[in-house]
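Beneath this line is the structure, given in structure tokens, with notes to follow.
This one's a predicted model, so the numbers in the text were calculated from it and none came from an experiment. Proteins come first, then strands; the chains are lettered A, B, ... in the order of their sequence lines, and each starts at number 1.
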Amino acid sequence: MAEGRARTPALAPAGLRRRVRRPWTGPPRAIIIPGPPARPPAARGSPGRAPMHEDHEANADMGEPLLRRRHSLAHVLAQAVREVRPDARLGFGPAIETGFYYDFLLETPLSDHDLAAVEERMRRIVREDQPFQRVDLPADEAVARLERMGEPLKVEWARELAARGEASLSFYENGAFADLCEGPHVSRTGEIAADAFKLDKVAGAYWRGDEKRPMLTRVYGLAFPSRDELDAFLEQRRLAEERDHRKLGRELELFAISPEVGPGLPLWLPHGTVVRDELEALARETEFRAGYERVATPHITRAQLYYTSGHLPYYQEGMFPPMRLEGEDDYYLKPMNCPHHHMIYAHRPRSYRELPLRLAEYGSVYRYEQSGALSGLLRVRGMTMNDAHIYCRPDQLEEELRAVVEMHRYYYDLFRLSSFWMRLSLHEPTDGHKYVEDPEAWAYSEGVLKRVLATLDIPHRARTGEAAFYGPKIDFQIRNVVGREETASTAQLDFAMPQRFDLAYIGEDGQPHRPYIIHRAPLGTHERFVAFLVEHFGGAFPTWMAPVQVAVIPVGERFLGYAGKVAAALRSHLLRAQVDDSAESLNKKIRRATVAKVPNVVVVGGRDEEQGAVTWRRYVSQKEQISLPLEAFVATVQALRAGRLMDNFADTELPKVG
RNA sequence: GCCCAUGUAGCUCAGUCGGCAGAGCACCUCCUUGGUAAGGAGGAGGUCACCGGUUCAAGUCCGGUCAUGGGCUCCA
């Protein structure tokens with residue numbers, strides 16, 4: 001199913017997005033979701049996060065009233081901006097998932113502070129109930145009109161449309177404002193609810209998305225069918241902010257980013273490191289069962305290796321500049337682990353009998369991300385990834401690939417990430433510069449990927465031009481309960497590296513053959529995955545991952561001894577227990593443990609000590625509590641850990657012990 | 001890298017017209033010794049991101065730099 005309009009599982013209810021002809025005022029691929037989204041768009045992750053690129057493919061039904069209103073609001077916005085800044089030239093102004101935007105070419109960009117005045121004028125225009133009038137012109141007349149209007153960007157676009165064979169182009173006019181636009185629009189501005197839209201923010205955007213072209217000022221607006229829905233969106237956005245991994249990461253002391261160390265280079269604090277360690281333990285076990293072997297490789301490497309791999313010709317802008325050494329090769333920080341793993345494969349001759357060879361490493365890599373791209377833990381310059389490379393024979397490729405996809409599914413089930421889909425990234429045959437040249441290999445490997453995906457019951461979409469330079473890939477897009485969607489991991493099929501590194505195995509026939517390589521990283525990077533989980537869990541980890549698994553709170557100083565005994569019993573089983581021995585009140589201690597989202601709190605006092613028991617209170621259920629013997633409690637927590645139960649979800653059944 | 005915004009105590013944030021640096025929480029000390037989400041009192045803590053300029057005087061005005069946030073581009 002390689003169609004762009006693939007099933008859109010769980011992410012957006014089927015049928016919500018439909019293909020549509022592009023509105024002329026909109027950039028190619030406007031994003032449109034008519035009607036209130038099934039899941040509030042705020043849920044889309046952190047506030048103000050741009051609509052997903054994925055949605056650019058999914059256009060919608062032009063007949064929808066909401067779309068008409070949003071698109072019309074884009075015109076009204078342009079009209080209002082024109083009043084404030086007559087020099088503004090028009091770019092594109094489409095409806096988007098949460099409203100609309102319009103791009104303007106301006107001598108001096110607008111600022112956030114100009115928005116109130118613009119919005120005021122927009123409301124006035126809406127109140128004036130101006131009629132929208134469509135005017136169709138032959139293409140050449142349309143171009144001439146735009147030239148008279150002094151709209152260079154629109155002229156460019158109209159010429160392009162004409163060149164594509166559009167015989168006639170339409171304008172929409174309302175009041176004193178006219179814009180090249182396919183429509184449709186509301187018939188009068190009065191059809192727009194004046195209290196259901198709100199200007200959101202200004203941003204920069206390159207004309208036609210091309211960084212070599214002028215930077216335009218983009219004004220984003222929110223627009224919904226009603227005031228209530230707008231308010232609901234804003235509330236959702238606020239709730240997402242509460243779960244933002246940067247906020248929770250600071251509050252829970254998971255990580256810190258210090259300018260002294262460098263942007264995009266997070267420091268993992270003790271609590272965050274526990275989470276990483278648990279993820280690594282999970283990966284180690286899972287990979288061991290799946291027949292992987294662990295390896296370890298250095299962080300810096302001679303330049304020559306990256307000429308061999310092709311990183312220097314194809315990926316140099318993504319790498320930190322080299323370390324220069326007198327009389328020696330340059331050294332580079334590694335941006336990927338693959339070349340090292342290939343060298344491990346190649347360190348001695350390989351037999352077909354030892355394939356597939358699966359080499360795994362939680363490896364740290366460094367990439368030079370543009371400063372403007374950095375964002376919390378989601379986009380960093382130093383990251384540690386759940387990497388592995390599978391070297392296999394052609395006849396094993398399909399099975400290995402399927403196993404890789406299944407491993408993803410296993411993890412997603414475990415973490416209760418029910419919303420995920422895959423993007424099959426294929427190469428763009430006409431773009432020779434971006435990809436290693438080998439048409440046959442591209443065709444073959446892309447064919448295998450498509451075949452494997454075709455047999456799996458996981459939704460996917462194909463996209464051209466997004467392959468890695470050395471082969472096609474599958475990106476796993478996951479969405480958490482807050483609605484943040486991220487590329488969690490990537491599985492790549494690689495036919496180029498075996499050639500570049502001259503990797504071989506001796507086959508049954510005694511002759512050397514090329515292996516295939518699968519690159520995979522189901523848990524992605526610690527940075528992105530932990531950030532994602534923090535938001536998914538709202539900072540409340542399951543017992544097995546929690547930095548502090550059990551907080552032990554004595555009801556009074558007299559019971560500190562017993563509290564210590566309880567904690568010691570837990571620690572002897574390698575459970576992370578902490579006694580609150582502060583001088584605070586009992587209520588305060590419970591509050592502190594709760595605010596820290598510790599999954600299990602045990603309160604101990606005279607009653608408990610007499611019976612050798614604890615009173616157990618859980619984060620998920622709060623007030624509910626039970627009293628049980630210490631041994632039973634320890635065994636229960638052990639079972640929670642051993643089973644990696646997601647006891648941070650209220651519907652998870654607790655293990656029965658003894 | 002480009003556009004916009006922001007930067008005051010560990011955190012969240014006040015600080016008016018340029019005129020002595022503020023609050024709550026957290027932290028420390030003392031009192032309180034308790035049965036399920038903030039007991040009480042006191043204390044300490046700031047080169048107002050950094051550099052420069054204007055001014056008798058700058059947290060406040062201007063310029064630059066750095067960082068963060070939101071976009072664009074790019075990607076795990």
Side-chain angles (χ1 to χ4, degrees), chain A residues 46-51 53 101 103 106 108-115 200-220 241 244 246-247 250-251 253 256-260 262-264 315 317-318 335-336 365 367-380 383-387 425 466 468 473 475-476 486-490 492 519 521-529 531-532 553-560 582-595 601-608 615 617 622-625 627:
Chain A
S46 80
R49 188 149 286 262
H53 290 202
Y101 70 76
D103 288 342
L106 288 159
T108 39
L110 286 165
S111 129
D112 294 358
H113 306 298
D114 301 319
L115 255 35
D200 197 20
K201 61 203 167 187
V202 307
Y206 297 110
W207 169 236
R208 313 291 298 270
D210 183 346
E211 60 186 332
K212 291 179 194 67
R213 314 205 60 183
M215 173 65 66
L216 308 180
T217 300
R218 174 171 298 178
V219 178
Y220 281 98
E241 270 173 47
D244 190 287
R246 288 162 294 203
K247 177 179 156 73
R250 186 167 49 237
E251 289 172 0
E253 298 197 65
I257 294 177
S258 134
E260 283 81 2
Y315 193 72
E317 75 287 353
M336 295 183 190
V365 298
R367 300 182 185 173
Y368 188 78
E369 295 292 341
Q370 296 186 332
S371 59
L374 300 175
S375 175
L377 287 183
L378 292 172
R379 185 153 237 63
V380 293
M383 69 210 91
T384 300
M385 61 193 304
N386 173 221
D387 216 355
S425 291
E466 301 207 343
K473 62 178 182 178
D475 288 315
F476 294 79
E486 288 292 341
T487 300
S489 79
T490 298
Q492 276 159 347
H519 304 242
L523 297 178
T525 61
H526 278 323
E527 286 69 21
R528 186 169 286 182
F529 203 75
F532 192 84
I553 299 177
V555 300
E557 202 178 358
R558 288 194 295 133
F559 308 106
L560 263 177
S582 66
E584 303 293 347
S585 64
L586 174 63
N587 280 347
K588 184 65 167 287
K589 289 176 184 174
I590 286 168
R591 177 179 158 78
R592 269 211 293 224
T594 307
V595 168
V601 172
V602 293
V603 176
V604 294
R607 297 205 292 267
D608 304 279
T615 302
R617 169 192 171 113
Q622 292 301 315
K623 300 254 187 245
E624 293 170 34
Q625 56 178 347
S627 185

Could you check whether [X] gets within reach of a base, just the sugar-phosphate, or nothing at all, counting any heavy atom under 4.0 Å?
| X | answer |
| --- | --- |
| A:Met383 | base |
| A:Gly605 | base |
| A:Ile553 | nothing |
| A:Lys212 | nothing |
| A:Leu110 | sugar-phosphate |
| A:Ser111 | sugar-phosphate |
| A:Arg592 | sugar-phosphate |
| A:Glu211 | sugar-phosphate |
| A:Gln625 | base |
| A:Gly318 | nothing |
| A:Val365 | nothing |
| A:Gln622 | base |

Pair partner, B:C28 [Watson-Crick or wobble, under 3.5 Å]: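 Result: B:G42.
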Residue matched to B:A67 through Watson-Crick or wobble contacts both under 3.5 angstrom: B:U6
A:Asp210/A:Arg208 salt bridge by N-O under 4.0 Å criterion: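 No, no charged N to carboxylate O under 4.0 Å.
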Give me the distances for all protein-to-nucleotides 44-48 of chain B N/O pairs that come in under 3.5 Å?
none

Summary of protein contacts for nucleotides 38-43 of chain B, nucleotide by nucleotide, where a base hit scores B, a sugar-phosphate-only hit scores S (4.0 Å, heavy atoms): BS----
5′-ward residue of the pair A:Lys589/A:Lys623 relative to RNA chain B: A:Lys589
Return the polar atom pairs (N/O with N/O) between nucleotides 9-18 of chain B and the protein under 3.5 Å, or none.
from: B:U12; atom 1: OP1; to: A:Arg250; atom 2: NH2; distance (Å): 2.9

Backbone of A:Leu378 reached by a side-chain donor or acceptor of A:Arg528 within 3.5 Å: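 Yes, the answer is positive, given that a donor and an acceptor are paired below the 3.5 Å cut-off.
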